[in-house]
Amino acid sequence: MTKNKKHPRSGAGFLFSPPQLIPRKARKADLRVRPVQKRAGDGRVSSFKNTALGMKTAGQTTQKVPLYFKQLRPTKSEPTQNRIEPPVHLSNLKLIDLGSKTIVLPASYDVKLRKLEKTIQQAKRDFEKEQDIDSLASDITDALISLHLLLDRAQNQIWAKYNSKKEGRGKPNIYFPVTSNKERFTERLQKDQLHELQNKNPRIFELIENTQPFEQDSNWLEKLHEISSNRHERDATIQNRQAVTGFGLGRGQDLYIRHMSITNGNVFFDGLATNQQTGQTEPLKFTPTVENRLLLEDLSTDPIEFAKLAHSRSKTLLTQIFNAL
């Protein structure tokens, strides 16, 4: 890379490419890069690469563009302990754009999540072609198991960094916690030697706690855990059942409504309903709309849609965890 003497070299670090070395199109946009370091077991950086990916924002679009840099060596007068180590080898990191913030997701996770997304899409296409419920159940089960394993792997990385293991104690079996109440959540962290996680990393503690079934309106994590935990016994249960998708009121009737409310499918009607042909007063007619639908387990949810939801929620959670790790 061409040297630029206008930039100071008073300390160790990295000099990002001056404007004349950035492609013309990139110069017209903002470049944003998230600094990342990865250290080996001895505390030193293992390797690095001389290109990074920045986020180029031009108009309404965001693209990845190369961002070049070179290492600045410390001057003789600078103490060795003040040196800034080289960054991580960027080939094992994935930069993604989440809203207005660039977040790093390890490539091993990103690759698996992409493959799972394709697996779910392919399962949908295969079912539309073959109408084989057993095959669909197998594909959905395998996808949910893989998502569960990724969450477990991330929890093990959290344990490796923030555990409070006492000397002489072994490592417990670590799985991503799924608990029904606050007390069991606390007990689980205690058992997993992560009882100090809230003090050591409040953000990760908050992310894990907020995902628990007792904090969620949706029970996606609980059902994901249940299906994947039963993998040694059976695949997820998928049935073609009738489901109420709506209802009609007052068919063939004239209605005079003083007050009416509908709560959880229950109708409270205060008024008069008269037959349009006879003019006689009669009870309000309530006609449900029923369709045959594929439903997963005991949920009133399509299995493909649930797999998509679990994939989306897992990806967001993993990305947020690694951003805070």
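These values consider heavy atoms only, across backbone and side chains, with no hydrogens, waters or symmetry-generated copies. Bear in mind that the values here come from a model prediction, so they are computed numbers and not experimental data.
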ask   = More than 12 heavy atoms of other residues, nucleotides or ligands under 6.0 Å from NZ of Lys115: is that the case?
value = no
message = I'd like to know if Glu226 pairs up with Lys223 as an ion pair, taking the criterion as any Lys NZ or Arg NE/NH1/NH2 lying under 4.0 Å from an Asp or Glu carboxylate oxygen.
response = yes
ask   = If you measure from CD on Glu282 to CG on Leu272, what distance do you get to the nearest 0.5 Å?
value = 11.5 Å
key: Linked, directly or transitively: Leu113 and Leu207 (ILVMFWY side chains, under 4.5 Å)   = yes
query = Backbone N or O of Leu144 within a donor-acceptor pair of the Ser228 side chain at under 3.5 Å?
reply = no
query = Do Asp132 and Leu136 have side-chain heavy atoms sitting under 4.5 Å apart?
reply = no
key: Atom pair CD/CG of Gln276 and Leu255 - distance to nearest 0.5 Å   = 8.5 Å
ask   = Got a salt bridge between Arg313 and Glu222, using NZ or NE/NH1/NH2 to carboxylate O under 4.0 Å?
value = no
inquiry  = If I take atom CD from residue Glu117 and atom OG from residue Ser312, how far apart are they, to the nearest 0.5 angstrom?
reply    = 9.0 Å
key: Evaluation steps, side chain to side chain contact (heavy atoms under 4.5 Å, CB included), between Arg241 and Arg293   = CA-CA 6 Å; Arg241 304 200 306 266; Arg293 295 178 56 191; over 6 Å; no
query = Can you find a pair of side-chain heavy atoms, one from Gln239 and one from Leu295, that are under 4.5 Å apart?
reply = no
query = Is the backbone N or O of Asp152 less than 3.5 Å from a side-chain atom of Asn156, with the two atoms forming a donor-acceptor pair by type?
reply = yes
ask   = Taking a hydrophobic cluster as the set of Ile, Leu, Val, Met, Phe, Trp and Tyr residues connected by side-chain heavy atoms closer than 4.5 Å, whether directly or through intermediates, do Leu149 and Leu325 fall within one such cluster?
value = no
key: Inter-residue atom distance Leu249.CG - Ile257.CD1, 0.5 Å rounding   = 8.0 Å
query = Would you say the ring centroid of Tyr109 lies under 6.0 angstrom from that of Phe322?
reply = yes
message = I'd like to know whether Ile208 forms a side chain to side chain contact (heavy atoms under 4.5 Å, CB included) with Phe176, so could you lay out the CA-CA distance, the side-chain angles of the two residues, the decisive distance to 0.1 Å, and finally the verdict.
response = CA-CA 8 Å; Ile208 298 175; Phe176 192 88; 4.2 Å; yes
ask   = What do you reckon, is CZ of Arg251 surrounded by more than 12 foreign heavy atoms closer than 6.0 Å?
value = no
inquiry  = Could you check whether Tyr256 and Phe269 have their ring centres less than 6.0 Å apart?
reply    = no
query = Taking it one step at a time, do Ile158 and Ile321 satisfy side chain to side chain contact (heavy atoms under 4.5 Å, CB included)?
reply = CA-CA 9 Å; Ile158 293 171; Ile321 286 175; 3.9 Å; yes
ask   = Do Leu221 and Leu151 pass the side chain to side chain contact (heavy atoms under 4.5 Å, CB included) test, and can you show the C-alpha distance, the side-chain angles, and the key distance before you say yes or no?
value = CA-CA 10 Å; Leu221 180 63; Leu151 293 174; 4.0 Å; yes
message = Taking CD in Glu128 as the centre, count heavy atoms belonging to other residues, nucleotides or ligands within less than 6.0 Å. Is the count above 12?
response = yes
